[in-house]
Amino acid sequence: MSILSVHLSRLTRHHFPFSSLLFPSSRPYYHACAPSRRNLRLSVVKRFPFRCFCSFPATNSNGNRNVEVGEEKYDVIVVGGGHAGCEAALASARLGAKTLLLTLNIDRIAWQPCNPAVGGLAKSQLVHEVDALGGEIGKVADRCYLQKRVLNVSRGPAVRALRAQTDKREYAMQMKNVVESTPNLSIREAMVTDILLGKNDNVEGVCTFFGMNFYAPAVILTTGTFMSGKIWVGRTSMPAGRAGESASHGLTENLQRLGFESDRLKTGTPARVDCRTVDFSVLEPQLGDEEVSWFSFDPDFHIEKEQMCCYLTRTTKSTHQLIKNNLHETPTYGGWVEAKGPRYCPSIEDKIVRFQDKESHQIFLEPEGRTVPELYVQGFSTGLPERLQLPLLRTLPGLENCSMLRPAYAVEYDYLPAHQCSRSLMTKKIDGLFFSGQINGTTGYEEAAAQGIISGINAARHSDGKPLIVLERESSYIGTLIDDLVTKDLREPYRMLTSRSEHRLLLRSDNADSRLTPLGCEIGLIDDRRWKIYQDKQARISDEKKRLKTVRISGGDLAADVSHFSGQPVKESSTLESLLKKPHIEYKLLDKHGFGNKMLSRTEKECVEIDIKYEGFIIRQQNQLQQMIHQQHRRLPEDLDYYAMTTLSLEAREKLSKVRPQTIGQASRVGGVSPADITALMIILETKRRKAQELRRHQIRASVMCNL
Amino acid sequence: MIISENSHTATMALLPSFRTIITRFYRPTKPPPQLIFSSLLFPKKLSSLFPLPPKPQPLKPLASTRQETSFVSNRDERLVGLGSVNDGGSIETQSSTSTIAAIVTSLGGPPAAVGIVRLSGPNAVDIAGRVFSPAKKKKGFDSGSGSWKPKSHIVEYGVVLDSQGNVVDEVLAVPMLAPKSYTREDVVELQCHGSEVCLRRVLKACLEAGARLAEPGEFTLRAFLNGRLDLSQAENVGKLISAKSVAAADAALAGMQGGFSTLVRSLRGQCIELLTEIEARLDFEDEMPPLDVNIIMDSIHAMSQDVEHALETANYDKLLQSGLQIAIVGRPNVGKSSLLNAWSKSERAIVTEIAGTTRDVVEASVSVAGVAVTLLDTAGIRETDDIVEKIGVERSEAVAMGADVIIMTVSAIDGWTLEDTKLVERIRSNMGSASIPMILVINKIDCASSACSDWVNREAKLFSKHVFTCAITGQGIHGLEKSILEIVGLDKIPAGGRRWTVNQRQCEQLMRAKEALVRLKSTIEEELPLDFWTIDLKEAALALGQISGDDISEEILSNIFGKFCIGK
């Protein structure tokens, strides 16, 4: 009966908004005695913080025999087992919340459906930051890498980035193992179709396609590309979240019914070719770094592996010709898809059309694993029909005889513009409902993981009645990412870029731990062992800096080398610190001459070097930041009626009413809000403040008069 | 270590290790309280002089100390440009409900033919209707009930009546209804007769009818708040109002129309162009051709020069605003007053053959290349027993000290005399370390033989310039003006060329941009990594953006995507 009613309501909901009234079973479940039950549950959790909840649905339902049939109760429910979902579920469970991870397919937990890589420019900062907070993505990437390279080595410490090619199967397996073996965390296959609401616009759980209700005071949606997903190859499309995996239906409509606004985004993935059919002898190999760097700050995960090679090929005249001849067959130029595709990830036809004068484009061939023959053809995504894809691949040098294992395809999916969330990632409409990952309009595993850990932490805290946590924009790339998401209009899936951060010199990978690990510890995701490691590292760095300040040299080989490399004279009795500040002088040179500190690891030496070498810049940015913060962090009252502010432009009034920024800084970043609007807004706030002050003064005066 | 704008020190005491973090608690009804971390304020590297924190306690105690965040509101520098309007709480009275009135033409000078009283605000038409009675009464018009329904931008002729119904003045009423007006509110301008008495009576009538006297600059503030002007335009309106001469008015107009904005925008555009080039390489490492450092250096150089030029005009700007004071000094009866009269084409000063005719300082205004110049004719400086003349001499000396340029006049007939030497010495010693440029004017050149060249060549070395004039014919006045322009450095401003000016706020931002570009050059010379170049380039772009009021980050991104073929 229950299943039947759910189905009926699914069918009728669009046409009859009050249909849910007719089907009480699909209505939010009201707890008659919620508070007392909740207290009971909390005390159980506190007494048995490490009680392991079994990960198998069957045993799980056995364990919940007392519960009403078709009902299970948790602290946090995470919907979706991708990179956001895993991070969220792990954070939540590790904080002691009884957590349920619902996914469409357990075999696809933490799958890498696109690029088999983690990190890269700006994204690596996210990975380091998630790790510094106690997240998992960095550790798994460190365990499953096929190749690692540090990018932008010579371009400054803030833009230096680590990128790892990963074994996609091993990655998924490792993450699945972690998820499965984490206490407090249960997994279940399910398609969530609805959100259960409480009386006060608060979430009470989710409802699945097969009629199960799962209850929790906090629910995180990480739906990825699955919500009403549709994949395209050429002109042909089918509903699917990914190739070979069914989409999730019904949830968008139900969220819309709750008042959420949704929109559609598109992304794509290139073809995969069989590496056994590629002639690597004509290709330029790209080797990994000799000295491997790590995402995780936890040395337990620094285990070196044999690296694999990537290869570089280029598009040729015939590639360009083939595309030009068949432009009408592509979705964008054929005109059957109004794409909001990402600008930073253009299809090969886009590149060729938009940059006519470029004769050739780089294409990278990246292995997808140690045990699979698949090669990822990076930079070659296309909307061409499948019959043209192989001929197109074969125009590339080295791929003349290749065979294609999977065709390139595009995927369209629903997302919920993130201005509907506050920076804690909880939705503004519904208490306890959180969004993370592609549902917020981002792209990338790292971006997903970054949101996942924040929503996981906050969901757990919410269910425990603790204050939520918000990372300020200037604290981290995570903060920047979320701030951008909740304020800016998206034109395309959002990808992290270093140029999105105003003070990136202060947000480096090397200081991610010193920025965020104390916070991770406060929150409870960093254990004693990690905390000790962290403290020891910081102590070593600080001691070393003191040492470099005090140790002086006069003349000698080191001085000669320094003046040679820097082109600057070395004064008598120079401190090592002053030598390190000279151009082109690195810590390695101190090592070479025996003035280095053998107690320090390579990364620690790097930290010391950066702190000393760029001290002036860092201090200057710091000062600028502080000045800015005073203004930017001015809170905006929650109840501002922007429509009544006639001094704001109409667009600003609309946008601010929609986004409802929390601070002046956020307001200024809302698209369509001009600096003049901000000035006007501040004049209004100032006016209000003075009026309030005047009123207070008046009241005090009045009360004094009364007392007299 | 804690930036304690918030009153949460108690919390901090509970959590000593929280020093790396700003926590903010607030308790809205919904969503629930949030902790905000801005740990960047205190990265460990800067704080590592302090002992390392012990392991932080779990966050639990925080929950019990939730409290409202109190914010110290900082003064917004962007509002500084609005000066008096913003000070002293006058914006408190600014509200969209009040209607303001003021005499908007200048008072104090000789009466002009026409003066204007302006009303602005939602009740401007009502109030105007109460005081204004059109000559041609339309159907349904009733002067008492305020139901005047004028057509926007149609001039009406009539009279202004005071509260007793007496005619105050004959006026033209110019209604400009919202939003097509200066303030984007309903505006009514009453063009009255120019005498101060008339204007004040009309204004009084308006105030009695319910208008409020406008604060200085309040029309402009409203124009600004209503989106009619951007900040730099608003500042220029202020200038237009206080402009002392035609050139200043032109410059203010050019500023309003975007002359200055154009230069700033173009400079900012160049900064963003460079940032685009660099940032693209930072975010898309392997897909870009290498950067040509020389081209970048060249453009940075060109930009610094443009900023420099813009700053130079700041000086011109000051002159335009304040004008020049020129003191004419010399022995008695060398023709100082004649010079003043000839120059100002007037008979301001009494000229006689008697030495010591001029006893007090006589002023006359002239315009030199558009700059307002005040000429100060002084009493001839000599030893005297005449008490009145003595006071005049003292004043002459005082005036000379306050002038921007001193014109030392001698008579070609008498040649250089001992008194002249004494006089110059006295002025020089009075000047002390301050150096006021002096021009030697040899007057009465028509009456002298050509033999005076000897002493002129000798004495002229002590002066910045020397000019021969004949006050009677006006000969040499043009040369004198030219010399003055050269001395104050106005000759470098091309006529009709850069016709905008730079105010204090803009000047500061230009300086900021200039300094940033200087630092950028040294960053590049020291071969610091590419990322560091962006820091000062952004600073320069921000400074320039402060003048024009734009934000940069999105622009760079759009540029990168528009310009380069990148992406995987």
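Below, read A as the first sequence line, B as the second, and so on, with proteins coming before strands; counting in each chain starts at 1. Values in this document were obtained by computation on a predicted structure and should not be read as measured data. Side chains included, hydrogens not; waters and symmetry mates left out as well; all remaining heavy atoms used.
- Residues A:Y614 and B:P529 share a closest heavy-atom pair of OH-CG, 3.7 Å.
- A:R504 has a carboxylate O that lies under 4.0 Å from a charged side-chain N of B:E279, or vice versa, which qualifies the two as a salt bridge.
- Comment: B:D536 engages A:R620 in a salt bridge, judged by a side-chain N to carboxylate O separation of less than 4.0 angstrom.
- Looking at A:Q568, neither its backbone nor its side chain comes within 4.5 Å of chain B, counting heavy atoms on both sides.
- The closest donor-acceptor contact from the side chain of A:R155 to the backbone of B:R281 lies under 3.5 Å.
- Interface remark: B:L528 contributes side-chain atoms only to the contact with chain A (heavy atom separation under 4.5 Å).
- Panel note: side chain A:N152, backbone B:L282; a donor-acceptor pair is recorded below 3.5 Å.
- Residues that satisfy the side chain to side chain contact (heavy atoms under 4.5 Å, CB included) test with A:A117, not counting sequence neighbours, are A:N115, A:R163, A:Q165.
- Side-chain atoms of B:D283 do not come within 3.5 Å of backbone N or O of A:L121 as any donor-acceptor pair.
- Closest approach of A:G156 and B:D531 over heavy atoms only: CA-CB, 4.2 Å.
- Of the two parts of A:T498, the backbone and the side chain both hold a non-hydrogen atom closer than 4.5 Å to a non-hydrogen atom of chain B.
- In this structure, no portion of A:S566 lies under 4.5 Å from any heavy atom of chain B.
- Taking the side chain to side chain contact (heavy atoms under 4.5 Å, CB included) definition, one finds that B:V293 meets it with B:M297, B:I524, B:W533, sequence neighbours left out.
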